[in-house]
Amino acid sequence: MQLFQQQKLYLYNSLSGKKEPFKPINEGYVGMYVCGPTVYSNVHLGNVRTFMSFDVIFRYLKHLGYKVRYVRNITDAGHLENDADAGEDKITKKARLEQIEPMEIVQRYTVDFHNILNTFNFLPPSIEPTATGHIIEQIELIKNIIDNGFAYVVNGSVYFDVHKFNKTHDYGKLSKRKLEDLIHNTRELDGQSDKKNPQDFALWKKAEPQHIMRWPSPWSDGFPGWHLECTAMSTKYLGDHFDIHGGGMDLKFPHHECEIAQNEAAKGQTPVNYWMHANMLELNGQRMSKTTGNIINPGELLSGNNKIMSKAYSPSVIRFFMMQSSYRSVLDLTDSGLLGSEKGFYRLMDAFNTLESLKPSTRSSINIADWKQACYNAMNDDFNTPILIANLFEAVKYINQVKEGSETLTSEDIVLLQETIHTFIFDILGLENVSKTESGTDKLSAAVGVLIKLRQEARANKDFAMSDKIRDELAEAGIQLKDGKDGTSFSVN
RNA sequence: GGUGUCGUGGCCGAGUGGCUAGGCUCAGCUCUGCAAAAGCUGCUACAGCGGUUCGAAUCCGCUCGACACCUCCA
């Protein structure tokens, strides 16, 4: 019996705007596709948040016993900078600015992306395909769409005919837009266009002579349109109809809308049962923006080498901070927010680390099985990590109360509590155990141990001038002594 | 202008038609030689105005405000 047969998972489907019970197409198997980054610069912190949300979703689905195939692409064929016909793609532009090959740009920032994600303890996806590795599949897809009459060729470029498609299909069903409204509100673009209608989008673009990234096709030497790669790669590895498609909220329109249209036009069926969108990350109440300088990249946040935050934050603290809000809410990244999360996170860790030293009783005064199910209920409700964390803090209270003797637990319940917390904190939330309190194994601990002993002797002799001197000078060196009932421990700041 | 999301206590941030998450801050207490650390206890909020209801912060309408998308962006 797998866990998913006992735990009823609900998830919010952007398509219906409601929470729905999760039913995979094939029982026990889940296919999930998430739109990955365009690797033309350092990974954006907002990107990290989005992928972290899906990392936790991936982890929880796996924990429930599903066999999950998680596909997250790398976009290494540049998208055009704008919708006009004459445009430079982002990767080519960056390559020109840095005077190196486009593929050097791709390589450099793919490595950066992986490094940052590893730092944040992400699980690797099952497949990480690249756009340039699937040009043939994209060309085949375009042929299908043309054959089915939903695309037209102009001057070596191919465009998707949105107006024709909308006559027999519902273009806009994901983003709740009406084609008529789009027609009404489309701005006039400067460059002259080969498109029949402004709402049409490119499937294939003929390359200008100076364009470096180009491939041969039946229509021209050129490059694929920017919505096509996800359709090609998702259906190649997950089939024409799969379970979950995710991405950032900003991709809902037009990117995901176009993916639906492409798939329906090419394959005659809608591609995805559950669309999931992670919301945006703001910095100090404003969207991150390079032009205003209101931006911080993951490396700067981790190193503390920035002018926005008061200090460096560890990957788990940042992860914990992000997990304290729902993936569907806008999250505001602030220094005080991170400080608060840091304190709470260490309190949680310290409680977990004292679990093994709890003294068992013959009976339990707390129902741990109920508490455990409450943790599952939180995650089953559209991956509600804030409620899960609230439950984990309930456990912190239990642990401290047992430690104080006001509540009791049997040894079986202590083990159950320990295993459950471990599962949720480390396996599902993906946090790492970083206790601030030293265990006393390395040389620093030995040295501080000597000072603690000297201080204890001074205190026993009521030589408080000496004992306070030891305490204060250690504090100045960044070592804080903590007096407890069972002796003195210390933490390094 | 259009579409969508949302406005919660000092701050962050969940959730729900009646049982009033959680974290941080703050206050009091315990512990301590004094502190710190740790723990315990306390702090009853849901933008405004109408309506539905026995009862709404939760449903509906309007107003105000924020954010996102509509143009590259996770």
Side-chain angles (χ1 to χ4, degrees), chain A residues 14 17 34-38 40-41 43-54 78-84 87 89-90 93 172 175-178 180-187 189 199 226 246-255 277-282 285-290 320-321 324-326 328-334 336-345 347-348 350-351 354 374 378 381 384-394 396-397 400-401 403-404 406 436-437 459-460 462-464 467-468 471-472 475 480-485 488-491:
Chain A
S14 300
V34 173
C35 293
T38 303
Y40 71 105
S41 66
V43 60
H44 193 282
L45 198 60
N47 249 320
V48 171
R49 187 203 181 191
T50 296
F51 299 141
M52 195 180 281
S53 301
F54 287 103
H79 295 156
L80 288 183
E81 283 225 309
N82 59 53
D83 206 31
D89 77 61
K90 285 187 268 193
K93 184 178 179 184
S175 55
K176 316 279 188 288
R177 280 160 216 259
K178 298 249 173 292
E180 302 82 74
D181 295 337
L182 291 171
I183 294 166
H184 228 73
N185 293 301
T186 301
R187 293 181 208 171
L189 293 162
Q199 294 75 36
W226 68 286
M249 192 75 98
D250 50 350
L251 292 184
K252 203 187 217 179
F253 187 91
H255 185 60
H277 291 96
N279 217 322
M280 313 306 278
L281 181 71
E282 295 183 345
Q286 304 261 301
R287 68 172 293 199
M288 291 197 211
S289 154
K290 274 183 192 166
F320 186 72
F321 171 79
Q324 278 185 297
S325 84
S326 154
R328 285 199 287 130
S329 297
V330 175
L331 176 61
D332 189 17
L333 184 76
T334 61
S336 60
L338 284 166
L339 282 169
S341 290
E342 182 173 59
K343 271 193 121 153
F345 177 61
R347 200 159 76 83
L348 182 60
D350 283 348
T354 58
D381 182 16
N384 196 326
T385 53
I387 295 289
L388 170 63
I389 288 172
N391 281 310
L392 293 174
F393 277 107
E394 282 300 306
V396 170
K397 203 167 162 182
N400 289 325
Q401 284 170 335
K403 199 166 136 196
E404 288 204 335
S406 59
K436 274 188 104 178
T437 306
R459 291 172 73 197
K462 300 218 185 296
D463 182 2
F464 296 123
S467 68
D468 288 353
R471 180 175 73 195
D472 297 343
Q480 187 192 23
L481 298 186
K482 299 173 176 178
D483 295 332
K485 262 187 181 153
T488 302
S489 61
F490 72 95
S491 66

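In what follows, chains carry the letters A, B, and so on, assigned in the order in which the sequence lines appear, proteins first and then strands, with residues in each chain numbered from 1. This one's a predicted model, so the numbers in the text were calculated from it and none came from an experiment.
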Inset, instruction - Write down the partner of B:C31 under the Watson-Crick or G-U wobble criteria, each distance required to be under 3.5 Å. - result: none
Inset, instruction - May I ask you to say what A:Gln401 touches in the nucleic acid, namely base, sugar-phosphate or nothing, with a heavy-atom cut-off under 4.0 Å? - result: nothing
Legend entry - Short side-chain N/O contact to B:G39 OP1/OP2 from A:Lys397, under 4.0 Å: no
Pairwise N/O distances under 3.5 Å, protein to nucleotides 29-31 of chain B:
none

Legend entry - Residue whose closest nucleotide on RNA chain B lies nearer the 5' end, A:Leu281 versus A:Ser326: A:Ser326
Legend entry - Pairwise P distance, B:U52 and B:G9 [rounded to whole Å]: 28 Å
Inset, instruction - Please determine, by modelled atom types, if A:Ser14 and A:Arg328 share a side-chain donor-acceptor pair under 3.5 angstrom. - result: no
Legend entry - A:Thr385-A:Gln324 side chain donor-acceptor pair, cut-off 3.5 Å: no
Inset, instruction - Could you tell me whether A:Phe253 contacts a base, only the sugar-phosphate backbone, or nothing, with contacts defined as non-hydrogen atoms closer than 4.0 Å? - result: sugar-phosphate
Inset, instruction - Tell me the partner of B:C67, counting only Watson-Crick (N1-N3 plus N6-O4 or O6-N4) or G-U wobble (N1-O2 and O6-N3) with both under 3.5 Å; none if nothing fits. - result: B:G4
Inset, instruction - Rounded to whole angstrom, note down the C1' distance from B:C60 over to B:C72. - result: 39 Å
Legend entry - Any A:Arg328 side-chain nitrogen or oxygen under 4.0 Å from OP1 or OP2 of B:U5: no
Legend entry - Rounded distance in Å between the P positions of B:A21 and B:U41: 15 Å
All N/O contacts under 3.5 Å from nucleotides 58-61 of chain B to the protein, with atom names and distances to one decimal?
none

Inset, instruction - Identify whether any heavy atom of A:Leu251 sits under 4.0 Å from a base atom; if not, whether one sits that close to sugar-phosphate; answer base, sugar-phosphate or nothing. - result: sugar-phosphate
Inset, instruction - For A:Gly46, report the nucleic acid contact type (base, sugar-phosphate, nothing); a contact means any heavy atom under 4.0 Å. - result: base
Inset, instruction - Cation-pi check, A:Arg177 to A:Phe253: give yes when NZ or CZ is under 6.0 Å from the six-membered ring centre and within 45° of the ring axis, no otherwise. - result: yes
Inset, instruction - Would you please confirm or rule out a distance under 4.0 Å between OP1 or OP2 of B:G39 and any side-chain N or O of A:Arg347? - result: yes
Inset, instruction - Return no unless some side-chain N or O of A:Asn384 is found under 4.0 Å from OP1 or OP2 of B:A14. - result: no
Inset, instruction - Remember a base hit wins even if backbone is also touched, and classify A:Asp483 as base, sugar-phosphate or nothing at under 4.0 Å, heavy atoms. - result: base
Legend entry - Touch class at under 4.0 angstrom, heavy-atom based, for A:Asn279 against every strand present: base
Inset, instruction - Kindly say if A:Ser329 contacts the phosphate of B:A14, meaning a side-chain N or O under 4.0 Å from OP1 or OP2. - result: yes
Inset, instruction - Write down the distance separating the P atoms in B:A57 and B:G17, rounded off to the nearest Å. - result: 14 Å
